[in-house]
Novice: 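Structure below; questions to follow.
Position 1 is the first residue of the sequence; numbering continues from there.
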Amino acid sequence: MRNILAIYFFFVSVISFAQGIVTKQYTIDNGLIANDVRALCVDSKGVLWIGSRSGLAQKIQGNIKPNEDAAEYRYTNISDILEDAEGNMWIGSYGQGVLFRGKEEKRIITKKDGLLSDRIRKIFSYKNVIYVATSEGVSVIHKNSFKIVNPSFEKSLQHPFEVSGFFEFDGIIYLTTINDGVFTINNNKLIKVDDQRRIFAVHQKDGLVFYGCQTGLFVKDFKKKQLVAQIEIPSIRDIQEVNNQVYFVSANVYESGGGVFRWDGESLEEITKVFGIDATDLYSISLDEKNDFLYLGTKSQGLFQVDLFSPLMHNSSVGHVMALGELDRRVFIFSEEGLIITQDDKEIKKVALSVFKSYQEQHYKKYSDIATISNHFFEIDYNLKAENIVFYKAVKNKNDLWVSTNIGIYKLDRNGYIMSYYPIHTYEYGFYKNNLVETNPYGGVRIYRNLDKMDYDYHFRIESINIPRDVIDIAHTTNKMFFAGALDGLYVYEDGKFTSLKGNGLFAESRLKELAVGDNDVLYVATDFNDIYGLETKSGQYEVVKFIPNSEINGSSINLLEFADKKLFIGTNKGLTVIENDNKFFFNKEQGFGRGEITSDLLLGNLLYIGSGKGLSTLDVSYFKKKNISLQVSISKIVINGVEKSKEGKPYYDIKMLELKANQNNLQIGFDVLGAKFPDKLHFQYRLKPSENWVNVKSNRLDLHYLQSGIYPIDIKIYDYDSGSELIYPLLLLDIQAPFYTKLWFYIVATLVVIGIFYLIYKARLVQIQKEEAVKRKKFEYEKRLAEVKLMSVRSQFNSHFIFNVLSSIQYYILKEEVDDALYYLDCFAKLIRKTLTISSKERITLKEECEYLKDYVLIENMRLDGRVTFSVEEVDEGVSAILLPPMLLQPFVENSLIHAFPKSVESPQIRIVITKQNKDVIINIIDNGIGIASQSKSTHESHGMNIVRERMSLIQEYLDEDLTIERTTEGTVVKLILKGVII
C-alpha cells in the first residue's frame, strides 16, 4: 500500500518549489475519484476527507482510496465535510442529504427525515446541534436524538432561500445566504441582522467577520457594524484560518482568474505563485495543523498539498549549477550562465561567462610556454568559446576563492572580481599550507612554491606508488591533505611526503568516491560499493572508528558526503540519508528533495547548499533532530483463514482483543498509521510476544500462519525516518483457543475409544493367533516334506553302481601299481563328495555352480568310461547363469545319460546343457547323442530320480507337466526343464 505514493511520485507528480514551500499535486492518476475537489476536511486522526461530485475519498497514510460508506450508499455530489467534537463525521451532498458516520453507526438523513431540502451547502457544529445549510433554508439536527427542527423565515417569491454558511459570535449562531443577507436564529425563527448578499463563504476571527462574496472580500467589525476593508477579487469559495492568519481560495464564476489569498491582519496578499500553484479555479481549503500541510481543492485540477514549513528551499532560476563556493558568508554559484553571488538569499552580483573568457585571453600568454603537455600539464583549448566554459570546483583559501574551469584556474575576491588567472587545467585541487596542490589526470601531483612564477615540484606517478592518481576528491584535516583515488585507494600528504594507505597496508579499500572530515579530524571515506568508513587520522594508524554499511544507506550511488552539526549527510540517487549516532533520517522526493543529479555542495553554517542540473537547493541541517511525535495505529483489515472479518458497521476496526478458535490460526492483519507527516518515511516491525525478536514488515500487513494456541500481545514498532523517532504501539491482543483434544471431555471420550479399540484389537488378535497356528501347522508339514525330499535327493545323488564303480577303478589302479592315477582318482572323488555335501546343505545355488558341479561329476564318470564322453555347457543368453535353483536339480538327468545312453556302439558320446531365456522364464535343455529311443526300458534309478525332481520343482513353482519333458529320438535324448519367472 505504501508503494502507491512512491509510484505516484515517479510517474505523474508535479512538485513545485518556492522559498521554504514544497507543493504536490494529486489527480485521478494518483487515486482521486475525480479532479473536482469541492470539499476538504482533516479529521482528528489525521485523515484527509476529499469530497467531489463523483463521491467521497480519504487520504490515509499517503494513499488515496474511496470511502466505503459513501460507496455503499452511492453517495455523490459532496458539498461539505465536518467532524464534530465527539469525532463523528457529517458529510453533506447537494442532492442526497446528509451522511452521518458515527463510531458505532451510520445513516443517511434526508428530506424524508425532516430536512428542508436534500441539497446541502454547508454543515456547522455547535455544542449539541448540527446546523445544515440547504438550498431551501436551514435545518437543525440534535445530535443525541437526530430530531430535526426547521426555523421559520419569510420566503421570497423571486428566489429560493439558499443558506451558504455559518459563524458564531458571542455564543450566538449566525447564518449567511446567497440572496437574502445575514440572519440569526431566535425562538425558532430567522431574524435578519445584515443585508450583505451574494455570500459564498464566511469566517469570524477576533470580532472581524470575513464575507467571501461573488464580488470579492468584505471585512466587517461585527460588534461596531463597520466595514473594515473591501477588496475586489474573484468569487471566494472557502475560508480557513492558518497560523493566526486567514486564507481564502477563489474561483471566478464564469472564467478563470481565482487563486489563494492571505489576510495578514491589515491587507490581502495573493500567494498562489508562492505556493507554486498554477490553478485558478480553487474551491476548497483545509489545514492539517499537526503536520503543517495546507490542502487546496480545485474545480478541475485535483488536489494540492502545500508544506508550509519545509527545511528545503529551491531556486531554479540559477540554471544548471556546476560548482559552489563561499567567501565572507557570500555564496558563489557557478552555473552555465556564469557566476551569481548571493548573501542572505539575495542576489548581489552577476559575472557573465564572457568576463572569464576575456580575462583568460588577456593573461594566458604569460604562462603558455610553461603549461604544456611536454611539462605534464593537462592541455587547454585556448580557442574555446565563452558559452562552452565549464566550472569544475571552487576552493576557499584565506580571503580568496579559487575556481577551476576547462580553460584554467581563477582567483576571485569577495565581490567576484577576478584577481588572477593561471592556465592550469585540473579537476581536483586544494591548498596545503597556502601552496596550491594540483592533481593531473595523467597521474601526477604538482605542488607550487610560487604560483605567480610557476615555480613548482612535480611528483610523477611512475616515480612511486605513493603518488596519487585518478583523484576524484580531496579533503583536509588539521595538518594533512587526503586524496581519494578512484582505483588505488586513499593517499595522504603531510610535511612534503605522499603515502599510499593501500600500498602501505593502512587502509585496504581501493575504489573510492567521496571524502568528508568530521569532528576530531575523523575522515569519512565513501566507496564505490556505498560503504562508508570513519578513519581516525591523528595518530597515523588510520584505525576504522566507525563503519556504515551500504544496507544502512538508501540509494545505490553516493554523490554527496558532508559532515555538519554532528551529523553525516549522505546523498544518493534516491535521496539524502542523515546519520547521527543511533538516529537516522531520510529526506527525498516526498519532501521535495532530488531535483536533478547533484553536481556540487557547500556547507555554510546550518545551511547545506546543493547544486544540480536543475538549480540550487538549500537545506537547513538543524531540521534533522530527533522529534517526539505521536501516531495512531488503526487496524484496517482482518482476514482469517482467507475470509475477511466483517466490519460490523464500524468505520475502523476498534478491536483491541480478538478471540479465535484453534483452527482459525492463519491471519492477515492490515493496519494504517495515522498522523505521520511523511508516511513513506515509516519503517515497520512487529513481534508476537515481548520475548520474541522483531520482524520486518514490508507493507502495512502482517501475515501470520499456523499460530499455536495461546495469547499473543502483538506490538508494532514504527521508526520514522523524518523525525528520527522510534515508537512501539500495541496492535492487537490475540487469543487462540486450545484445540478440542486438550479438553477434559475429549480425554474421557478418547479413553473410551481407546479401550474399545484395544478390545477390538484383542478380539482380532485372537482370530489372528488362530490363523497363525493354522499357518504354522501347514508350514511345519511343508518343511517336513521338504526335509524328506532333501534327504531323498541326497541319498539319490549317487547310486550304488556309481560308488562301486569308482571304488573298483581305484582298486584297479592300485593293483596295477598305478598309484598316481589311483590317488588322483581318489582325490577327485573326495572333492566331489565334499562339494556334494556342501551344496546339498543349501536351499539355493546358482545355475553356474550347478554346472560346475556337473563338470566334476562327469569328470569322474568319464574316467570309468576311458574319457569317451564330451560334456559342455552353452549359455545362449548372457547372465542367465546367475539364476538360483535347488542344488543338484540337473544331476539325475546327466547321471541317467552316462549310465544308459552310451553303449560301446555310440561313437563320440556327447552331453550338452543349453541354457536360454524366454521372456521371464529360463529353459534348460540337457541333450545327449546316445541311443535315445532304442532304450525303452527305464531303470528304477531314473524313475525314482525323475519323481524327486518333479517334487522339488513343485516346491519352487506351480508345477505343470510341460515344465519337465523328456523327448527320445533316434539321435538321442532331450530333457527340457522350464524354470518360471526367475529373477536374474
Novice: Assess the side chains of Asn244 and Lys205: does a donor N or O sit below 3.5 Å from an acceptor N or O?
Specialist: yes
Novice: Among side-chain atoms of Tyr295 and Gln305, is any donor-acceptor pair under 3.5 angstrom?
Specialist: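 The criterion, which ignores hydrogens and geometry beyond distance, is satisfied for Gln305 and Tyr295.
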Novice: Spell out, as yes or no, whether a donor-acceptor pair under 3.5 Å connects the side chain of Asn243 to the backbone of Gln245.
Specialist: no
Novice: Could you tell me whether a side-chain N or O of Asp288 sits under 3.5 Å from a main-chain N or O of Asp292, the two making a donor and an acceptor?
Specialist: no
Novice: Going by salt bridge (charged side-chain N to carboxylate O under 4.0 Å, His left out), Lys677 matches just one of Asp722, Asp720, Asp307. Which one?
Specialist: Asp307
Novice: Output, in order, the C-alpha distance, side-chain angles, deciding distance and verdict of ring-ring contact (aromatic ring centres under 6.0 Å, His included) for Tyr524 and Phe563.
Specialist: CA-CA 9 Å; Tyr524 291 94; Phe563 186 90; 5.6 Å; yes
Novice: With a cut-off of 6.0 Å (strictly less than), are more than 12 heavy atoms of other residues, nucleotides or ligands near CZ of Arg330?
Specialist: yes
Novice: Would you find more than 12 non-hydrogen atoms of other residues, nucleotides or ligands less than 6.0 Å from Asn696 atom CG?
Specialist: yes
Novice: Does Phe587 have its ring centroid less than 6.0 Å away from the ring centroid of Phe624?
Specialist: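 Ring centroids of Phe587 and Phe624 are less than 6.0 Å from each other.
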Novice: Quick check against the 3.5 Å criterion: does Asp531 have a side-chain atom that pairs as donor or acceptor with the backbone of Pro549?
Specialist: no
Novice: One thing to verify: whether Lys396 and Glu326 come together as a salt bridge, which I'm taking to mean a side-chain N less than 4.0 angstrom from a carboxylate O.
Specialist: yes
Novice: What do you reckon, are the aromatic ring centroids of Tyr392 and Tyr427 less than 6.0 Å apart?
Specialist: yes
Novice: Return the minimal non-hydrogen interatomic distance between Cys41 and Ser286, and the atom names on each side.
Specialist: CA-OG, 3.6 Å
Novice: Is the distance from the ring center of Tyr719 to that of Tyr721 below 6.0 Å?
Specialist: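 Centroid separation for Tyr719 and Tyr721: below 6.0 Å.
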Novice: Could you check Leu56, Leu32, Ile50, Ile33 and say which one makes a side chain to side chain contact (heavy atoms under 4.5 Å, CB included) with Pro66?
Specialist: Ile33
Novice: To the nearest 0.5 Å, what is the distance between CD1 on Ile277 and CG on Leu282?
Specialist: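 Nearest 0.5 Å value for the CD1-CG distance: 6.0 Å.
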Novice: With a 4.5 Å cut-off on side-chain heavy atoms, are Val37 and Leu40 touching?
Specialist: yes
Novice: Give the minimum heavy-atom separation between Phe684 and Ile718, together with the two atoms involved.
Specialist: CD2-CG1, 3.8 Å
Novice: State whether a side-chain donor-acceptor pair under 3.5 Å links Asn35 with Lys299.
Specialist: no
Novice: Between Ser300 and Asp281, is there a side-chain donor-acceptor contact under 3.5 Å, judged purely by atom types and distance?
Specialist: yes
Novice: Is a side-chain donor or acceptor of Ser612 paired with a backbone partner of Thr599 at a separation under 3.5 angstrom?
Specialist: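 Side chain of Ser612 to backbone of Thr599, a donor-acceptor pair under 3.5 Å: no, none is there.
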Novice: Quick one about Tyr533 and Glu509 (side-chain donor to acceptor, distance below 3.5 Å, no hydrogens or angles considered), yes or no?
Specialist: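 Yes, because at least one side-chain N or O of Glu509 sits under 3.5 Å from a partner of the opposite role on Tyr533.
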Novice: Below 4.5 Å, heavy atoms only, C-beta onward: do Lys614 and His320 meet side chain to side chain?
Specialist: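 They are not in side-chain contact.
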Novice: Starting at CG of Leu631, measure out to NZ of Lys45 and round the result to the nearest 0.5 Å.
Specialist: 14.5 Å
Novice: Verify, without hydrogens or angle tests, whether Lys627 (side chain) and Tyr623 (backbone) share a donor-acceptor contact under 3.5 angstrom.
Specialist: yes
Novice: Any idea how Phe293 and Phe678 line up, ring-wise: parallel (<30°), tilted (30 to 60°), or perpendicular (>60°)?
Specialist: perpendicular
Novice: Examine the side chains of Ser617 and His314 and answer whether a donor and an acceptor come within less than 3.5 Å of each other.
Specialist: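 The criterion, which ignores hydrogens and geometry beyond distance, is satisfied for His314 and Ser617.
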Novice: Are more than 12 heavy atoms from other residues, nucleotides or ligands located less than 6.0 Å from atom CG of Asn693?
Specialist: no
Novice: Quick check: are there more than 12 heavy atoms from other residues, nucleotides or ligands sitting under 6.0 Å from CG of Asp519?
Specialist: yes
Novice: With a 4.5 Å limit on heavy-atom distance, are the side chains of Ile669 and Tyr686 in contact?
Specialist: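 The answer is no, as the side chains (C-beta and beyond) never meet within the 4.5 Å cut-off.
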Novice: Indicate, with yes or no, if the rings of Phe261 and Phe248 have centres closer together than 6.0 Å.
Specialist: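 Ring centroids of Phe261 and Phe248 are no less than 6.0 Å from each other.
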Novice: Is the count of non-hydrogen atoms from other residues, nucleotides or ligands lying under 6.0 Å from Lys350 atom NZ greater than 12?
Specialist: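 Atom NZ in Lys350 is not packed in, count stays at 12 or less.
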Novice: Return yes if a side-chain donor-acceptor contact under 3.5 Å exists between Thr572 and Asn559, otherwise no.
Specialist: no
Novice: Which label fits Trp263 and Phe210: parallel for a plane angle under 30°, tilted from 30 to 60°, or perpendicular past 60°?
Specialist: perpendicular
Novice: Decide whether Asn67 and Trp49 meet the rule of one side-chain donor and one side-chain acceptor closer than 3.5 Å.
Specialist: no
Novice: Quick check for you: to the nearest 0.5 Å, what is the distance between Ile341 atom CD1 and Glu347 atom CD?
Specialist: 9.5 Å
Novice: Give a yes or no on whether the backbone of Val673 and the side-chain of Gln61 come within a donor-acceptor separation of less than 3.5 Å.
Specialist: yes
Novice: I would like to know whether Asn581 and Lys567 meet side chain to side chain donor-acceptor pair (under 3.5 Å); could you show each step before the answer?
Specialist: CA-CA 8 Å; Asn581 298 325; Lys567 306 177 186 71; over 6 Å; no
Novice: Side chain to side chain contact (heavy atoms under 4.5 Å, CB included), that's the test. Do Asn573 and Ser556 meet it? Break it down for me.
Specialist: CA-CA 7 Å; Asn573 57 319; Ser556 59; 3.2 Å; yes
Novice: Ignoring hydrogens and angles, state whether a donor on the side chain of Thr272 or Glu270 is under 3.5 Å from an acceptor on the partner side chain.
Specialist: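 Checked: Thr272/Glu270 side chains pair up, N/O donor to acceptor below 3.5 Å.
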Novice: Taking all non-hydrogen atoms of both residues into account, name the closest pair between Gly62 and Pro679 and its distance.
Specialist: N-CG, 3.5 Å
Novice: Is there a side-chain contact between Ile570 and Leu568 in this structure, where contact means two heavy atoms from C-beta onward sitting under 4.5 Å apart?
Specialist: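 Contact flag for Ile570/Leu568 side chains = yes.
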Novice: Kindly say whether Ile553 contributes a backbone atom to a donor-acceptor pair with the side chain of Lys574 at under 3.5 angstrom?
Specialist: no
Novice: Counting C-beta onward and ignoring hydrogens, is there a side-chain heavy-atom pair between Ile714 and Leu702 closer than 4.5 Å?
Specialist: yes
Novice: Is a side-chain donor or acceptor of Lys513 paired with a backbone partner of Ile558 at a separation under 3.5 angstrom?
Specialist: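 Pair found, side chain donor or acceptor close to backbone of Ile558.
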Novice: Could you give me the CA-CA distance, side-chain angles and deciding distance for Lys625 and Asp565, then say whether salt bridge (charged side-chain N to carboxylate O under 4.0 Å, His left out) is met?
Specialist: CA-CA 10 Å; Lys625 294 186 182 299; Asp565 194 25; 3.6 Å; yes
Novice: Roughly how far, to the nearest 0.5 Å, is the CG atom of Asp620 from the CE atom of Met313?
Specialist: 8.0 Å
Novice: Between Met89 and Leu82, is there a side-chain heavy-atom distance shorter than 4.5 Å?
Specialist: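 Result no, sub-4.5 Å side-chain heavy-atom pair not found.
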Novice: Does Asp703 form a salt bridge (charged side-chain N to carboxylate O under 4.0 Å, His left out) with Arg701? I'd like the steps, not just the answer.
Specialist: CA-CA 6 Å; Asp703 292 301; Arg701 190 182 75 182; 3.2 Å; yes
Novice: Would the distance check show the side chain of Gln301 and the main-chain N or O of Thr298 forming a donor-acceptor pair, the cut-off being under 3.5 Å?
Specialist: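 No: the side chain of Gln301 does not pair with the backbone of Thr298.
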Novice: Kindly indicate whether the side chain of Leu608, heavy atoms from C-beta on, has any atom under 4.5 Å from the side chain of Thr618.
Specialist: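 Leu608 vs Thr618: side chains apart.
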Novice: If you round to the nearest 0.5 Å, how far is CD1 of Ile285 from OH of Tyr247?
Specialist: 8.0 Å
Novice: Under the criterion salt bridge (charged side-chain N to carboxylate O under 4.0 Å, His left out), I'd like the reasoning laid out for Lys393 against Glu428: C-alpha separation, chi angles, the key distance, then a yes or no.
Specialist: CA-CA 7 Å; Lys393 184 177 182 179; Glu428 291 294 334; 2.7 Å; yes
Novice: Taking side chain as C-beta onward, heavy atoms only, is Arg329 less than 4.5 Å from Leu604?
Specialist: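 Answer yes - side chains close enough.
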Novice: Hey, does the side chain of Asp672 reach the backbone of Ser634 with a donor-acceptor pair shorter than 3.5 angstrom?
Specialist: no
Novice: State the CG-CG distance between Asp601 and Leu561, to the nearest 0.5 angstrom.
Specialist: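 Result: 8.5 Å between the selected atoms.
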